[in-house]
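Within every chain, numbering begins at 1; the chains are lettered A, B, ... in the order of the sequence lines, protein sequences first and strands thereafter.
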There are 2 protein chains.
Amino acid sequence: MARISDVAKHAGVSVATVSRVLAGQPGVSDAARERVLVSVKALDYHPDLAARRLRSGKTDTLGLVVADIRNPYFTEISRAIEDVAYANGMRVLLCNSDEDAEKERFYLDMLRDENVAGVILSPTLSLLSRFRACDYSFPVVLVDRCAPETEADAVVLDNIDAAQRLMRHLIERSSQRIALFYGTASATGLQRLEGYHSALAAAGLTPQTRAIRPTTTEARAALIEHLREHPLPDAVVASSGLILLGLVEALREAGLRCPDDILLAGFDDQPWTRIVTPDITVIAQPTADIGRSAIELLLARIAQPEQAMRRIVLRGELITRASTSRPIQE
Amino acid sequence: MARISDVAKHAGVSVATVSRVLAGQPGVSDAARERVLVSVKALDYHPDLAARRLRSGKTDTLGLVVADIRNPYFTEISRAIEDVAYANGMRVLLCNSDEDAEKERFYLDMLRDENVAGVILSPTLSLLSRFRACDYSFPVVLVDRCAPETEADAVVLDNIDAAQRLMRHLIERSSQRIALFYGTASATGLQRLEGYHSALAAAGLTPQTRAIRPTTTEARAALIEHLREHPLPDAVVASSGLILLGLVEALREAGLRCPDDILLAGFDDQPWTRIVTPDITVIAQPTADIGRSAIELLLARIAQPEQAMRRIVLRGELITRASTSRPIQE
DNA sequence: CTGTTAGCGCTTTCAC
DNA sequence: GTGAAAGCGCTAACAG
């Protein structure tokens with residue numbers, strides 16, 4: 001493995017000059033620059049990143065802590081983040097907290113040890129409740145989850161608005177008893193619950209909610225139990241794509257048909273929601289935009305540590321499909 | 001930020017002793033060890049990883065290059081790999097080649113620069129055709145894709161066998177004209193094609209195949225076109241979960257019903273295959289086992305660079321569902 | 001059992 | 001415009 005001194009020797013210059021050329025700094029003659037470049041190629045020289053980091057005290061690594069790597073929503077966001085990161089010459093350490101505050105803590109500590117330049121984080125509820133950007137040695141951008149009072153850069157969906165629009169859509173279609181199955185693990189689920197409540201209150205309807213862990217199996221079990229213990233709702237709604245999948249399984253198992261027996265809607269426009277029968281009305285989230293915005297916020301904060309906090313709120317898109325197809329009530 | 005010398009001073013020992021304690025090395029008195037540990041806590045000391053790596057020449061970072069991060073198959077594998085990696089005190093740099101040989105090259109170079117301890121790779125077809133483990137400065141374990149002659153540690157499904165079993169399942173159910181839609185981007189698709197051919201040949205049936213890029217949209221377009229240009233097949237088969245999704249979309253669009261009009265089967269037991277109507281017969285891959293085996297192979301190779309190459313071949317599980325439900329022919 | 005010390009490879013003054 | 005040299009923080013060889 002060639003080192004910088006080898007390149008210097010080969011090019012007939014000092015290591016300082018080689019370093020300058022590599023860093024693209026001015027103050028090097030064209031002739032010297034040229035010779036260095038040739039030598040780098042000739043020796044197939046690659047700088048030692050560990051040494052560079054030690055010396056410069058900086059890293060070109062970002063951390064990304066998602067709550068569930070198997071959730072396509074987070075995968076798509078990750079994808080967008082990585083594309084931008086690598087295009088900017090930065091690497092991404094992807095961590096999966098699994099909605100577990102302890103694992104989250106572990107990864108955040110690890111990223112601190114790693115001396116990352118910044119972190120994009122979808123916090124667990126427990127962390128979010130006491131989150132302060134200043135508790136970290138690196139800049140943090142929150143993604144997907146953020147409380148109104150949180151002081152941090154963040155990119156989130158307008159969950160309350162999205163949930164309200166989804167509910168109004170249902171209410172316009174004569175739904176009176178709308179059951180919401182929402183995830184308790186995240187601020188997102190809670191905010192969607194809030195939108196649900198306000199929309200139902202505005203229409204004078206009685207809420208009917210089940211708090212669950214946001215997994216497919218749990219959602220499925222919850223709906224089956226709910227159907228056993230309560231009169232049949234007009235409509236069931238999931239606060240996330242994973243929960244929605246569980247509801248579909250349960251309805252299927254119960255032999256209930258949409259939209260004839262019951263209406264169904266949820267969040268996240270995952271590919272399968274288009275191919276099931278019936279296809280499902282959802283709030284689609286602009287995942288690529290979310291990811292891109294998050295890393296742009298982070299890169300901006302790294303460049304300008306002292307700038308004011310920014311929050312980007314994106315709007316969900318209501319995609320109407322057969323699962324809520326029913327004449328609109330005037 | 002406290003440094004090792006601060007800890008040494010605080011504990012009244014030398015930096016060497018601190019280093020020994022931290023590395024868990026023997027040859028330190030209990031008293032000294034105790035004082036060091038106390039000081040580490042008191043000063044909230046965290047070793048500088050860059051310095052450690054520079055000095056020791058080793059990294060505790062692994063690379064994982066998957067062909068498509070949005071494919072649940074790879075996500076599940078990643079998940080298993082990360083769990084094992086972090087449990088062993090190693091970090092994972094996750095890279096997404098997107099089936100693009102150039103991106104793959106970029107990431108492999110980056111991982112080399114990063115001086116990773118090892119890499120788990122699902123190679124593009126173009127790389128696999130000329131792959132030699134010795135071309136890399138780090139150990140490599142292939143996952144999901146591997147040619148018979150490739151000299152490398154690898155964890156793969158027995159694709160030929162799995163495809164054959166799936167075909168025999170169809171043939172037993174009187175299918176005569178089985179159309180296969182397979183991905184050309186990977187060795188996996190090609191091996192499944194091979195199994196398809198041999199099973200059909202054994203039954204004296206004429207093959208009917210379409211080579212496509214392994215995406216949902218492409219699969220969908222291919223089947224629509226196929227239906228327009230050919231007589232209706234008895235059965236259609238997808239060589240991957242993403243392709244299968246496209247086929248479902250196309251059948252739906254064409255108004256064809258399974259299993260009455262046509263049988264349908266594929267690879268990858270993704271959650272949605274259970275909830276569509278009808279639910280779909282698939283070959284399930286043991287993704288968690290694949291991931292776990294891969295990293296175990298890698299860790300073993302890192303520990304024992306010279307040991308013989310090992311290949312782990314796992315068996316797919318045929319899960320029979322309604323999409324191929326039809327009386328069995330005697 | 002413990003401490004001293006020489007670098008790992010690079011960036012960055014500082015002097016020329 | 002260029003080079004010499006001082007470390008970044010740590011590990012490990014060596015001496016005691």
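Distances were taken from every side-chain heavy atom of B/S19 (C-beta onward) to each of C/dG9, C/dT2, D/dT11; the shortest belongs to D/dT11. Distances from the side chain of A/A16 to the nucleotides D/dA13, C/dT2, D/dG3 place D/dG3 closest. Side chain of A/A32, nearest nucleotide from C/dA6, D/dT2, C/dT2: D/dT2. With C/dG3, D/dA6, C/dT2 as the choices, the nucleotide that has an atom nearest any side-chain atom of B/V13 turns out to be C/dG3. Of the candidates D/dG9, D/dT2, C/dC10, D/dG9 carries the atom nearest the B/R3 side chain, counting heavy atoms from C-beta on.
Taking the screw axis at each terminus of the helix from C/dC1-D/dG16 to C/dC16-D/dG1 from five consecutive base pairs, the angle between the two is 40° to within rounding of 10 degrees.
Close to D/dG3, at under 4.0 Å from its OP1 or OP2, lies a side-chain N or O of A/T17. Taking only side-chain nitrogens and oxygens, A/S56 never comes nearer than 4.0 Å to OP1 or OP2 of D/dC8. Using a 4.0 Å cut-off, some side-chain N or O of A/Q25 falls inside it from OP1 or OP2 of C/dT12.
Note on B/R310 versus B/D153: no salt bridge recorded, every NZ/NE/NH1/NH2 to OD/OE distance being 4.0 Å or above. A salt bridge links A/R105 with A/D109: the closest approach of a Lys/Arg side-chain nitrogen to an acidic carboxylate oxygen falls below 4.0 angstrom. In this structure, B/R79 pairs ionically with A/D98, as a charged nitrogen and a carboxylate oxygen lie closer than 4.0 Å. Salt-bridge annotation for A/R91 and B/E114: present, with a side-chain N of the basic residue lying under 4.0 Å from a carboxylate O of the acidic one. For the pair B/D60 and B/R53, the salt-bridge criterion is met [side-chain N within less than 4.0 Å of a carboxylate O].
For A/R52 and C/dG9, the CZ to C1' distance is 10 Å, given to the nearest whole Å. Atom NZ of B/K58 is separated from atom P of D/dT11 by 11 Å (rounded to the nearest Å). Atom pair B/I4:CD1 and D/dG7:P shows a separation of 19 Å (rounding to whole Å applied). Rounded to whole angstrom, the span from the CD atom of B/E34 across to the C1' atom of C/dC1 amounts to 17 Å. In this structure, the CG atom of B/D6 is 9 Å from the P atom of D/dG9, given to the nearest Å. Between the P atom of C/dG7 and the CG atom of B/L54 lies a distance of 14 Å, rounded to the nearest Å. Across the protein-nucleic acid pair, A/N115 atom CG and D/dC8 atom C1' stand 12 Å apart, rounded to whole Å. Taking atom CG of residue B/D48 and atom C1' of nucleotide C/dC8, one finds them 13 Å apart after rounding to whole Å.
Donor-acceptor pairing under 3.5 Å is recorded for the side chains of A/E76 and A/T287. For the 3.5 Å distance criterion, the side chains of A/E99 and A/T124 fail to qualify, holding no donor opposite an acceptor.
Around CD of A/E306, the count of heavy atoms belonging to other residues, nucleotides or ligands within 6.0 Å does not exceed 12.
Of the residues near DNA chain C, B/R33 and B/A51, the one whose nearest nucleotide (by heavy atom distance) lies more toward the 5' end is B/R33. Nearest-nucleotide positions on DNA chain D place B/L49 closer to the 5' end than the other of B/L49 and B/R20.
As judged by a 4.0 angstrom heavy-atom cut-off over every strand, A/G27 is placed among the base-contacting residues.
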